[in-house]
Amino acid sequence: MNENETGTHPIPVPDMKHAHVPGMAAYDQLVAEAEADHSGYWSRLAREFLTWKTPFTKGLDDSRAPFFEWFEDGTLNVSYNCLDRQVERGLGDKTAIIFEADDGQVTRVSYRDLLARTCRMANALKARGVKKGDRVVIYLSMSIEGVVAMQACARIGATHSVVFGGFSAQSLRDRIQDVGAVMVITADEQLRGGRQLPLKAIVDDAIALGGCEAVTDVIVYRRTGGKIAWDPSRDRWLHEEMQNQAESCEPEWVGAEHPLFVLYTSGSTGKPKGVQHSSGGYLLHAALTMKWTFDLKDDDVFWCTADIGWVTGHTYIAYGPLALGATEVVFEGVPTYPDAGRFWKMIQDHKVSVFYTAPTAIRSLIKAAEADEAVHPKRYDLSSLRILGSVGEPINPAAWKWFHQNIGGGRCPIVDTFWQTETGGHMITPLPGATPLVPGSCTLPFPGIAAAIVDETGTDVPNGQGGILVVKKPWPSMIRTIWGDPERFKASYYPPELKGYYLAGDGAIRDAQTGYFTITGRIDDVLNVSGHRMGTMEIESALVSCTDLVAEAAVVGRPDETTGEAICAFVVLKGPRPSGEEAKKIANELRNWVAREIGPIAKPKDICFGDNLPKTRSGKIMRRLLRSVAKGETITQDTSTLENPAILEQLAQRN
Ligand code: WTA
């Protein structure tokens with residue numbers, strides 16, 4: 001069998017009698033329970049997993065479909081469920097967070113401390129006038145303060161919107177403006193890989209761009225002590241704000257549907273979508289998947305390597321682990337600093353037992369380990385590991401096998417978790433004590449998730465035949481709407497031809513024998529580069545906004561060994577088509593332009609210049625052909641409808 005082929009012989013489940021879901025019979029029973037009474041199944045779990053201030057009386061309310069509601073008349077507080085509840089259960093002294101800084105310094109925070117810090121920050125926000133329903137933008141790097149800021153918002157019923165620290169001033173401004181934030185919480189600088197990178201300065205630039213008039217306060221966490229500009233009418237130090245605040249703060253009891261957060265993600269148009277999540281349903285799935293997918297036990301040390309700027313960092317750092325009273329590692333730095341053995345050393349040092357990371361990280365660490373024995377995982381003691389997880393993009397079977405063998409020692413199940421910003425938590429994933437594994441397949445739906453594969457008319461396709469991934473029934477942690485744009489929500493996720501099913505935006509296929517799912521990639525204009533979601537239109541509009549240079553641009557993805565997909569831009573300049581050194585120079589200018597407009601993660605890897613783009617006679621850009629050019633394929637498709645077939649050859653020359 002080819003190294004990279006999906007296997008057809010499932011790897012048997014290790015002996016896990018004590019797993020929370022021990023075996024396929026237990027899995028089948030949960031699936032059957034959900035099938036018999038969907039709303040009743042989720043309601044039972046919502047009562048078991050969450051502490052409610054006012055118990056709910058109804059589960060699913062579909063009377064306003066597709067704006068579904070869950071547990072609507074119940075009230076609760078997310079931060080109470082994550083913190084106070086653990087202290088009340090006697091876990092006050094248990095370590096909640098093991099924070100490892102970029103330079104290796106370790107700080108431990110107990111549940112009691114985390115609660116006190118959250119309350120002090122919550123009181124500080126209240127003192128500045130933030131109240132229930134207000135929006136707070138959090139633009140912070142990985143830190144205890146980041147988690148505390150999210151929990152503090154939840155505590156007072158403010159809706160947070162975390163913006164990844166790699167986004168540019170322009171992107172930050174767009175998000176602050178769209179969500180109507182009254183406050184921004186940031187740090188002076190962030191430390192990554194030994195380098196100090198600006199945060200506060202970017203907030204200043206974002207606000208200077210205009211449109212953020214609702215922001216009355218910028219709260220600054222002092223991380224590096226680096227020099228920053230200061231506007232006394234607006235800027236305040238976090239430590240000063242928190243100094244005299246009480247260590248207790250009565251939680252704001254909110255309805256289950258109260259928006260806990262809005263997180264922006266890319267769609268197939270130029271403007272990112274503010275994905276709005278609920279409090280009750282969201283937290284239920286965060287807690288439930290933590291327990292079942294990671295088979296989390298009281299003495300586990302959990303480490304999710306994502307950033308809180310992405311949904312994975314929301315569900316599996318800020319909320320899920322805390323809702324279960326787990327001990328988790330939070331890491332400020334990057335996997336390659338001071339060397340590419342950092343992850344393995346941290347697993348060894350902190351005795352991590354459940355490790356959740358992204359295929360891109362694995363692929364780049366494979367390369368590093370192959371190039372340098374000194375950072376090979378075999379140099380480290382990884383015996384504490386019990387379960388491994390993968391998220392964000394398809395994991396190719398070769399990387400899966402390396403991860404399984406070299407990190408998991410052949411004994412740790414890998415949960416390949418398929419989900420999205422919109423789904424709030426895992427949708428299709430193995431459960432480690434139940435599901436036989438197949439490298440490259442995310443296997444079977446989480447119990448209660450009605451995932452299916454259909455054609456363009458919403459009709460089921462048989463196993464073995466690819467199609468469109470949908471979810472047939474609403475589930476508690478699903479997106480509630482797109483912030484400020486309910487019509488776009490309906491159009492994006494509930495297109496009329498799909499019979500009321502949720503459209504995930506991915507293609508998938510089920511194995512003819514096992515029924516296992518394999519995700520085949522996005523079916524819309526969304527790219528996945530190193531697990532970061534980006535819209536091709538977003539990058540195109542950034543390129544054409546460089547009006548001095550660019551006349552027209554088209555962006556497509558192409559497969560890349562390390563990053564999964566790479567961004568390839570085809571550009572027509574206003575001036576003549578450049579070549580040689582000149583082309584290199586302009587390509588770099590354009591990359592920097594995109595970095596300034598969106599963020600460094602959106603920089604195109606390839607930029608190809610042409611006198612024109614391949615268009616049909618009616619003027620439509622033929623992206624299908626551009627995708628082939630980007631891959632370096634010889635064009636075998638019919639090009640007779642092209643206005644200008646000769647252009648393809650010209651575009652094939654990379655820069
Ligand atoms: C992709 C990240 C294959 C998919 C949690 C999805 C995956 C998009 C997997 C969502 C996986 C995520 N296997 N593909 N295990 N996990 N994806 O919103 O294309 O940043 O639609 O959420 O990532 O990306 P998002």
Side-chain angles (χ1 to χ4, degrees), residues 6 162-164 166-167 261-268 272-277 282 285-286 289 293 304-317 319-320 356-363 388-397 399-400 403 414-430 435 437-446 449 451 466 468-471 477-479 482 492-493 502-509 516-536 538 557 559 563-565 601-602:
T6 308
V162 183
V163 178
F164 174 59
F167 277 118
F261 66 86
V262 172
L263 181 61
Y264 285 83
T265 190
S266 295
S268 45
K273 316 187 255 203
V275 172
Q276 179 181 321
H277 276 286
Y282 170 79
H285 206 53
T289 50
T293 308
C304 164
T305 66
D307 190 286
I308 51 164
W310 308 114
V311 75
T312 307
H314 280 58
T315 308
Y316 299 106
I317 294 177
Y319 293 113
Y356 191 34
T357 194
T360 292
I362 299 167
R363 286 191 295 262
L388 304 174
S390 169
V391 59
E393 48 179 323
I395 177 163
N396 50 306
W400 194 103
F403 195 35
I414 298 179
V415 288
D416 174 3
T417 60
F418 167 82
W419 61 295
Q420 310 174 296
T421 305
E422 293 87 343
T423 69
H426 304 152
M427 299 300 279
I428 308 180
T429 177
T435 322
L437 303 172
V438 169
S441 165
C442 53
T443 75
L444 295 170
F446 192 86
I449 300 297
I468 302 170
L469 181 66
V470 295
V471 186
S477 67
M478 66 190 298
I479 174 176
I482 292 177
S492 308
Y493 304 108
Y502 167 83
L503 171 67
D506 282 287
I509 184 166
Y516 277 15
F517 286 73
T518 293
I519 306 297
T520 50
R522 299 288 306 190
I523 51 172
D524 53 9
D525 295 319
V526 170
L527 305 183
N528 193 326
V529 182
S530 301
H532 298 154
R533 236 171 104 165
M534 257 163 305
T536 53
E538 237 176 304
T563 58
E565 265 187 307
I601 52 171

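In this chain, numbering begins with 1 at the start of the sequence shown. In listed order, ligands and their atoms are each counted from 1.
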Please state which part of [X] comes within less than 4.0 Å of ligand 1, counting heavy atoms only: side chain, backbone, both or neither.
X: Cys442; result: neither
X: Arg533; result: side chain
X: Asp506; result: side chain
X: Glu393; result: backbone

To the nearest 0.5 angstrom, please state how far the [atom1] atom of [X] sits from the [atom2] atom of [Y].
X: His532; Y: Thr563; atom1: NE2; atom2: OG1; answer: 10.5 Å
X: Leu444; Y: Tyr516; atom1: CG; atom2: OH; answer: 5.0 Å
X: Gln276; Y: Met478; atom1: CD; atom2: CE; answer: 12.5 Å
X: Leu503; Y: Ile523; atom1: CG; atom2: CD1; answer: 5.5 Å

Test of proximity, [X] against ligand 1: N or O pairs below 3.5 Å:
X: Ile395; value: no
X: Asp416; value: yes
X: Gln420; value: yes
X: Asn528; value: yes

Considering the heavy atoms of Thr421, write down every atom of ligand 1 situated less than 4.0 Å from one of them.
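Matching atoms, with element in brackets: 18 (O), 20 (O), 22 (O), 25 (P).
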Proximal ligand 1 atoms for Thr312, defined as those under 4.0 Å from one of its heavy atoms:
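Heavy-atom distances to Thr312 below 4.0 Å select 5 (C).
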Can Trp310 be said to touch ligand 1, with heavy atoms closer than 4.0 Å?
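No, Trp310 has no heavy atoms under 4.0 Å from ligand 1.
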Are any of the heavy atoms in Gly505 under 4.0 Å away from ligand 1?
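So Gly505 does not count as touching ligand 1.
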Identify the closest protein heavy atom to [atom]: which residue and atom is it, and at what distance?
atom: atom 16 (N) of ligand 1; result: Gly392 N, 3.2 Å
atom: atom 10 (C) of ligand 1; result: Trp419 O, 3.6 Å
atom: atom 3 (C) of ligand 1; result: Pro394 N, 3.2 Å

Quick check, are the ring centers of [X] and [Y] under 6.0 angstrom apart?
X: Phe167; Y: Tyr264; result: no
X: His277; Y: Tyr282; result: yes
X: Phe517; Y: Phe418; result: no

Looking at Glu393 and Arg533, is there a salt bridge between them, counting it only when a charged N and a carboxylate O are closer than 4.0 Å?
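Salt bridge absent between Arg533 and Glu393.
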Between Tyr319 and His285, do the side chains contain an N or O donor and an N or O acceptor separated by less than 3.5 Å?
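No, no side-chain donor-acceptor contact under 3.5 Å.
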Consider side-chain contact (heavy atoms from CB on, under 4.5 Å). Of Thr289, Ile428, Thr429, which one does Thr417 pass it with?
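Among the candidates, only Thr429 passes.
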